[in-house]
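It should be emphasised that the depicted structure is a prediction, and the values quoted were computed from it without experimental measurement.
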Amino acid sequence: MEETKYIYYARLIARYVEGGLSDDEVNELEKWKSQSAENTALFERIIKNENRLLNFDQLKLVEVKEAWKVVRDEIAGKKTNLFVRMARYAAVFLLLIIGASSVYYVVTEIQDENKHNNMIDPGSPKATLILSDGAKFDLEDKQNKLLEDKGGVVVENENFTVNYNNRLKNSQTIAGGLFHTIDVPRSGEYRLVLSDSSVVYLNSMTTLKYPVNFTGDSREVELIKGEAFFEVTKDKSHPFIVKTPDVRLKVLGTSFNVSAFNDDKNSYITLETGSLEVANMNNSKDIQLLEPNQQAIIESGTNTPMLVSDVDASIYSSWRNGTIVFKNETLEEMMKNLARWYNIEVFFEKESLKHVRFSTNIDKYNEIEPILELLQLTNKVKIKTDNNYVLISN
């Protein structure tokens, strides 16, 4: 989990009390204190609270959940900006000294001073386009409707779609050898129309590199990471090739889903229509031809032969149509998928909970709370949320 400034300075203060700071960390803490009188007052208050807490002989017996409830109640009862800021650090500090198991209960952002905002919003269309000269454009910005590369290519960005096809037809000079990269962040998605009219749906945490105009004997793109669904325009003379770190896919005209996230052990290639040649980049002899409703699983970074099995391909591409489908999926994989879309951090109280299995269909544009409530109704797990943190327990 990426530490926010509240957790970071709380950790420094906790280690300060224990006498475990390095000289550089001491200087950093002092620099932070000197930035404002509020920071100094905040530091003194936390130290004072810490001294009061350490006077309890039964500190080690403190119930983490009850401790957090006290802190939250105290925050809710105050109005001033200064106290809210103090409470943020104090809450983090209190939980840090109680133990690492309390990380979930840390509130790092209080968006409203009078009440706690506990809603977790779904993702939305957003991405960054990186041109051949390294220039970056936020595609959420409506002003970036038409983007021009130095090579003379004008790119159309409208309706959450980057479209090269229409603009290239009207362009006097069609540039060759220029590559663009589209990067979709956590809790984002986007759509791309390539120069040959092939359509690519990009899921959250996905990066795709591609030529602005296909030239030569083949049409080749690189899925650097993440998940994408391809609807490839048929062209027998120019096969369409998708490369990932572990897989090389060759098609003429077909639709298929590729999942190759950095934090997944395997890459998953699922064919919906047409035919697809799958080559394992870690094993030159491992090449398979997929038929519709077949899936190839390739273990990343190893020469283990790919596993091909029959599946319902629509399950694996449902995300592009606004639905996430889980069929007898482990809770660990479910939450990993939801974390990418809802931008949440998930903690399991026990390792065994990761292996509990569920089947369900989810409208990805709804808030996550009804989904979590549905999981709880099975009586298999108990789920609590706090801002973008989710704790799963028995």
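A distance of 9.0 Å separates NZ of K354 from NZ of K336, quoted to the nearest 0.5 Å. The structure places NZ of K327 at 8.0 Å from OH of Y316, a figure rounded to the nearest 0.5 Å. Of the inter-residue distances, the one linking Y389 atom OH with I344 atom CD1 reads 12.0 Å to the nearest 0.5 angstrom. Atom CG in N293 sits 8.0 Å away from atom CG in D310 (nearest 0.5 Å). Once rounded to the nearest 0.5 Å, the distance linking CG of L146 with CG of N157 reads 8.5 Å. Note: K236 NZ to L252 CG = 8.0 Å, rounded to the nearest 0.5 Å.
Looking at I362 and L338, their side chains come closer than 4.5 Å, going by heavy atoms from C-beta outward. Here the side chains of S187 and Y342 are not in contact, with every heavy-atom distance at 4.5 Å or above. A 4.5 Å side-chain heavy-atom check between T385 and L372 finds at least one atom pair inside the cut-off. A 4.5 Å side-chain heavy-atom check between T360 and M334 finds at least one atom pair inside the cut-off. Two residues are said to be in side-chain contact when any heavy atoms from C-beta on lie closer than 4.5 Å; E329 and I315 fail this criterion. In this structure the side chain of N337 reaches within 4.5 angstrom of the side chain of F326, judged on heavy atoms. Looking at R191 and V199, their side chains come closer than 4.5 Å, going by heavy atoms from C-beta outward. Residues K209 and I224 are in side-chain contact: their nearest non-hydrogen atoms beyond the backbone lie under 4.5 Å apart.
Across every non-hydrogen atom of K380 and L353, the tightest pair is O-CD2, 4.4 Å. Across all their heavy atoms, E367 and D121 have their closest contact at OE2-OD1, 4.4 Å. Residue V325 comes nearest to N361 through the heavy atom pair CG1-OD1, 3.4 Å, listed as atom of the first residue, atom of the second, then distance. Of all heavy-atom pairs spanning L375 and V381, the tightest one is O-CG2, 4.0 Å. Taking all atoms of both residues into account, the shortest heavy-atom contact from A228 to L202 is CB-CD2, 4.1 Å. What you find for Q288 and V308 is that their closest heavy atoms are CG-CG2, 4.0 Å.
Checking side-chain atoms of S318 against main-chain N and O of T323 turns up a donor-acceptor pair under 3.5 Å. In terms of modelled atom types and a separation under 3.5 Å, the side chain of S255 and the main chain of E272 share no donor-acceptor contact. Formation of a donor-acceptor pair under 3.5 Å by the D138 side chain with backbone atoms of T128 is not found in this model. Listed for the W319 side chain is no donor-acceptor partner under 3.5 Å among the backbone atoms of N203. Panel note: side chain S352, backbone K350; no donor-acceptor pair is recorded below 3.5 Å. No donor-acceptor pair under 3.5 Å is formed between the side chain of S132 and the backbone N or O of L178. Listed for the N280 side chain is no donor-acceptor partner under 3.5 Å among the backbone atoms of I298. Under the 3.5 Å distance criterion, the side-chain polar atoms of E25 are matched with a main-chain donor or acceptor of S22. At distances below 3.5 Å, at least one donor-acceptor pair connects side-chain atoms of S300 with backbone N or O atoms of K265.
K126 has no carboxylate O lying under 4.0 Å from a charged side-chain N of D183, or vice versa, which leaves the two without a salt bridge. The residues R320 and E231 are annotated as salt-bridged, a charged nitrogen and a carboxylate oxygen being separated by less than 4.0 angstrom. A salt bridge between K145 and E156 is absent, with no side-chain N of the basic residue lying under 4.0 Å from a carboxylate O of the acidic one. Salt bridge annotation for K136-D141: absent, with no cationic side-chain nitrogen under 4.0 angstrom from a carboxylate oxygen.
Here the two rings, on F256 and F230, have centers that are under 6.0 Å apart.
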Q: Apply side-chain contact (heavy atoms from CB on, under 4.5 Å) to E369 and I371, showing your working.
A: CA-CA 5 Å; E369 282 74 15; I371 302 168; over 6 Å; no
Q: Could you give me the CA-CA distance, side-chain angles and deciding distance for F229 and V200, then say whether side-chain contact (heavy atoms from CB on, under 4.5 Å) is met?
A: CA-CA 6 Å; F229 184 86; V200 187; over 6 Å; no
Q.
Walk me through whether D246 and N282 qualify under side-chain hydrogen bond (donor to acceptor under 3.5 Å, both in side chains).
A. CA-CA 6 Å; D246 296 289; N282 304 307; 2.9 Å; yes
Q.
Is there a side-chain hydrogen bond (donor to acceptor under 3.5 Å, both in side chains) between S309 and Q295? Walk through the geometry before answering.
A. CA-CA 5 Å; S309 59; Q295 181 182 75; 4.7 Å; no
Q: Give the intermediate values and the outcome of side-chain contact (heavy atoms from CB on, under 4.5 Å) for residues K243 and L223.
A: CA-CA 6 Å; K243 294 176 64 177; L223 182 62; over 6 Å; no
Q: Apply the test side-chain contact (heavy atoms from CB on, under 4.5 Å) to residues V390 and I120: give CA-CA distance (whole Å), side-chain angles for both, the deciding distance (0.1 Å), then the verdict.
A: CA-CA 10 Å; V390 176; I120 299 175; 4.3 Å; yes
Q) Do K31 and D24 pass the salt bridge (Lys or Arg N to Asp or Glu O under 4.0 Å) test, and can you show the C-alpha distance, the side-chain angles, and the key distance before you say yes or no? A) CA-CA 10 Å; K31 181 179 179 180; D24 289 341; over 6 Å; no
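Tracing side-chain contacts under 4.5 Å through hydrophobic residues (I, L, V, M, F, W, Y), one never reaches L271 starting from L289; they form parts of separate clusters. Placement of L147 and V212 within a single hydrophobic cluster is found when ILVMFWY residues are connected by side-chain heavy-atom separations under 4.5 Å, directly or transitively. Under a hydrophobic clustering in which Ile, Leu, Val, Met, Phe, Trp and Tyr are joined whenever their side-chain heavy atoms come within less than 4.5 Å, directly or via other members, L208 and F214 fall into the same cluster. In this structure, L374 is not a member of the same hydrophobic cluster as M335, with clusters built from ILVMFWY side-chain heavy atoms closer than 4.5 Å. Under a hydrophobic-cluster definition in which Ile, Leu, Val, Met, Phe, Trp and Tyr are linked whenever side-chain heavy atoms come within less than 4.5 Å, directly or via other members, Y190 and V193 are assigned to different clusters.
Tested against Y210, the residues Y164, F240, F179 include a single ring pair (Phe, Tyr, Trp, His ring centres under 6.0 Å) partner, Y164. For the side-chain hydrogen bond (donor to acceptor under 3.5 Å, both in side chains) with R219, the qualifying choice from T233, D235, D196 is D196, the only one to do so.
Counting non-hydrogen atoms of neighbouring residues, nucleotides and ligands closer than 6.0 angstrom, the CG atom of N328 exceeds 12 such neighbours. Atom NZ of K33 has more than 12 neighbouring heavy atoms from other residues, nucleotides or ligands inside a 6.0 Å radius. More than 12 heavy atoms of other residues, nucleotides or ligands sit less than 6.0 Å from atom CG of D133. The neighbour count for Q35 CD, taken as heavy atoms of other residues, nucleotides or ligands under 6.0 Å away, is above 12.
For the residue pair S314/D312, the side-chain donor-acceptor check at 3.5 Å is satisfied. Between the side chains of E227 and N257, at least one donor N or O lies within less than 3.5 Å of an accepting N or O. At a cut-off of 3.5 Å, with distance as the only test, no side-chain donor of N283 or N303 sits close to an acceptor on the other residue.
Taking the ring centre of F261 as origin, the terminal cationic atom of K225 falls outside the region bounded by 6.0 Å and 45° from the ring axis.
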